[in-house]
Amino acid sequence: MAFWSSTSVFTSKVPRKILFMFTLSLSVTYLFYSLMSCYNSLQFPLQENYVYQGRLVTEETTFVTLREKLYSTSPQGYLDEELIEVTAATAEQTVAISTVKDNVETEQRTLDWVRNQAAPTKTAAVYQSPALERERQEFSTTDNELRVNCTSDYGVKKLPQAIIIGVKKGGTRALLEALRVHPDIRAVGNEPHFFDRNYEKGLDWYRDLMPSTLEGQITMEKTPSYFVTNHAPKRIHTMARDIKLIIVVRNPVTRAISDYTQTLSKKPEIPTFEVLAFKNRTLGLIDASWSALRIGIYALHLETWMQYFPLAQMHFVSGERLIVDPAGEMGKVQDFLGLKRIVTDKHFYFNKTKGFPCLKKPEDSSTPRCLGKSKGRTHPKIDPDVIRRLHKFFKPFNMMFYQMTGQNFEWELEEGSDSRVSQN
């Protein structure tokens with residue numbers, strides 16, 4: 001009787017745990033063999049593990065590996081055996097820790113997770129387990145309105161956390177190209193024009209235009225016309241009220257001449273600058289409705305933005321200093337974005353032909369990264385009297401802009417310098 005009693009105790013307690021651990025071991029083994037041999041058929045990218053199954057890929061070494069693969073120039077892409085081994089090792093360590101927790105919640109959650117991965121048509125991105133949903137929320141963006149979209153190339157598409165909103169012909173393209181050198185910035189090359197022309201297409205359309213980013217990277221875009229679009233501030237505020245805004249400003253007289261020069265290159269038949277700038281030149285009546293001049297009334301446009309955003313969320317870049325001291329201006333922008341100062345003076349050289357700085361060539365490129373033919377056009381000669389009158393017209397608006405921003409851009413010191421041929 002004692003023998004049968006002890007046997008009953010043994011079969012009721014010990015084998016039950018052994019059976020569970022044996023079953024769990026087989027399931028996990030099957031999972032990793034499946035991931036290593038046929039991850040395409042499972043439709044389960046490793047980056048989705050990173051975003052939604054945070055416990056599997058939270059080791060610092062794995063994140064560093066992902067970042068290195070993202071910027072790798074190897075034609076094989078980012079997924080290789082080394083990355084799989086690092087991810088698998090981290091996963092095995094996490095599973096081993098999880099199995100020692102002898103409670104019903106852990107057991108059920110593990111079995112659900114294994115069952116979910118074994119199903120080819122159900123990925124972690126759509127699995128609705130309450131526990132997994134909590135983890136997904138922990139590893140998604142902290143701003144609920146900045147929704148993310150999982151992709152298969154080791155990143156997520158996010159709505160931008162920073163936007164260069166203006167101004168046209170101020171130096172926005174030069175600033176964007178310099179910022180894209182920074183490894184923690186991913187930016188759209190083309191101007192989306194979402195908040196002024198394509199708003200009806202919705203945030204999902206807008207987000208799909210963005211590049212994929214890893215955790216810690218900033219998504220950016222630039223559309224200079226936002227700054228002078230009345231409904232853009234409210235729309236951007238609705239999307240993300242804590243977004244960071246960058247405005248590149250330039251002497252409004254020089255900016256207007258540059259704007260006109262660009263239009264002239266496309267439409268040689270347009271009237272002269274002097275004709276467009278005045279309603280009545282004899283009386284000295286300047287046409288402030290002409291877009292080339294209206295854009296330069298910065299204080300007027302900034303007033304609209306300040307109804308929705310505090311100055312602390314705006315950073316103003318001097319277009320003039322961006323030419324003479326690009327590294328200095330870039331340092332301030334990187335500080336504003338909360339990034340390490342990686343883009344420095346070693347990244348720039350002055351192109352005498354174009355008249356502005358260019359980025360030094362990358363190690364894997366044979367040519368420097370300089371802005372295209374549309375930048376650096378020679379300005380037409382403008383009557384000095386017209387330039388003097390425009391400076392006089394803009395001066396009170398400039399003073400108001402200095403007061404609003406707390407910065408003196410010293411454009412009044414440039415009076416007379418714009419009468420000679422200059423560069424865009």
Side-chain angles (χ1 to χ4, degrees), residues 140-148 157-172 175-176 179 185 187-188 191-210 213 218-250 252 255 288-289 291 293-319 332-339 394 396-409:
S140 63
T141 178
T142 55
D143 188 342
N144 293 330
E145 293 177 299
L146 293 181
R147 295 169 294 169
V148 298
K157 290 192 173 185
K158 300 178 183 179
L159 294 170
Q161 293 97 2
I163 303 178
I164 300 175
I165 60 174
V167 298
K168 181 183 178 183
K169 308 309 295 180
T172 57
L175 176 64
L176 181 69
L179 283 172
I185 292 179
V188 183
E191 297 174 4
H193 284 282
F194 176 65
F195 296 102
D196 58 349
R197 302 177 188 173
N198 298 299
Y199 193 66
E200 71 283 352
K201 294 182 180 179
L203 287 175
D204 289 338
W205 176 88
Y206 182 48
R207 183 182 58 211
D208 285 341
L209 297 179
M210 301 299 130
T213 56
I218 294 176
T219 303
M220 290 189 65
E221 70 113 322
K222 88 157 182 91
T223 304
S225 57
Y226 290 163
F227 187 66
V228 297
T229 302
N230 289 333
H231 44 261
K234 182 178 180 180
R235 289 175 173 179
I236 294 178
H237 184 267
T238 300
M239 179 190 72
R241 62 186 60 188
D242 60 347
I243 198 167
K244 293 184 177 182
L245 306 171
I246 300 175
I247 305 101
V248 188
V249 290
R250 184 183 184 186
R255 197 220 65 81
S289 65
S291 62
L293 299 182
R294 181 174 54 84
I295 292 174
I297 308 177
Y298 303 138
L300 177 66
H301 307 300
L302 180 59
E303 187 178 21
T304 303
W305 286 91
M306 291 180 67
Q307 294 177 15
Y308 295 91
F309 297 98
L311 278 176
Q313 287 176 226
M314 303 182 198
H315 180 73
F316 299 89
V317 177
S318 167
K332 297 175 185 177
V333 175
Q334 291 171 93
D335 292 344
F336 171 69
L337 295 174
L339 300 175
F394 279 113
F397 298 109
N398 292 343
M399 295 296 113
M400 187 181 302
F401 184 68
Y402 297 168
Q403 186 176 11
M404 294 171 72
T405 61
Q407 300 181 45
N408 186 349
F409 293 92

Nearest-0.5 Å distance that lies between atom [atom1] in [X] and atom [atom2] in [Y]:
X	Y	atom1	atom2	value
I163	I243	CD1	CD1	3.5 Å
T405	I247	OG1	CD1	9.5 Å
M306	L311	CE	CG	4.0 Å
N408	N398	CG	CG	9.5 Å
R207	K158	CZ	NZ	12.0 Å
F227	I295	CZ	CD1	10.0 Å

Salt bridge (charged side-chain N to carboxylate O under 4.0 Å, His left out) filter on K234, not counting sequence neighbours, yields none
| message | Does M400, at its CE atom, have more than 12 non-hydrogen atoms belonging to other residues, nucleotides or ligands within less than 6.0 Å? | response | no
ask   = Do other residues, nucleotides or ligands put more than 12 heavy atoms under 6.0 Å from the CD atom of Q403?
value = no
- Determine whether F194 and L203 make a side-chain contact, defined as any pair of heavy atoms from C-beta on separated by less than 4.5 Å. yes
Note, H193 side chain near N198 side chain (heavy atom, < 4.5 Å) | yes
Residues at least two apart in sequence or cross-chain that pass side chain to side chain contact (heavy atoms under 4.5 Å, CB included) with R235, listed by chain then number, are F195, Y199, H231
Checklist entry - Under 3.5 Å, side chain of Y298 to main-chain N/O of R250, donor-acceptor pair present? => result yes
Are F316 and F401 an aromatic pair by the rule of ring centers under 6.0 Å? yes
**Asked** Does the salt bridge (charged side-chain N to carboxylate O under 4.0 Å, His left out) test come out yes or no for K332 and D335, once each step is laid out?
**Response** CA-CA 5 Å; K332 297 175 185 177; D335 292 344; over 6 Å; no
With Y226 as partner, the option from H301, E191, E221 fulfilling side chain to side chain donor-acceptor pair (under 3.5 Å) is E221
Classify the angle between the aromatic ring planes of H315 and F336 as parallel (below 30°), tilted (30 to 60°) or perpendicular (above 60°).
parallel
(Q) Pairing donors with acceptors under 3.5 angstrom, does anything connect the side chains of K222 and T172? (A) yes
Tested for side-chain contact (heavy atoms from CB on, under 4.5 Å) against I246, the lone hit among L176, L175, I165 is L175
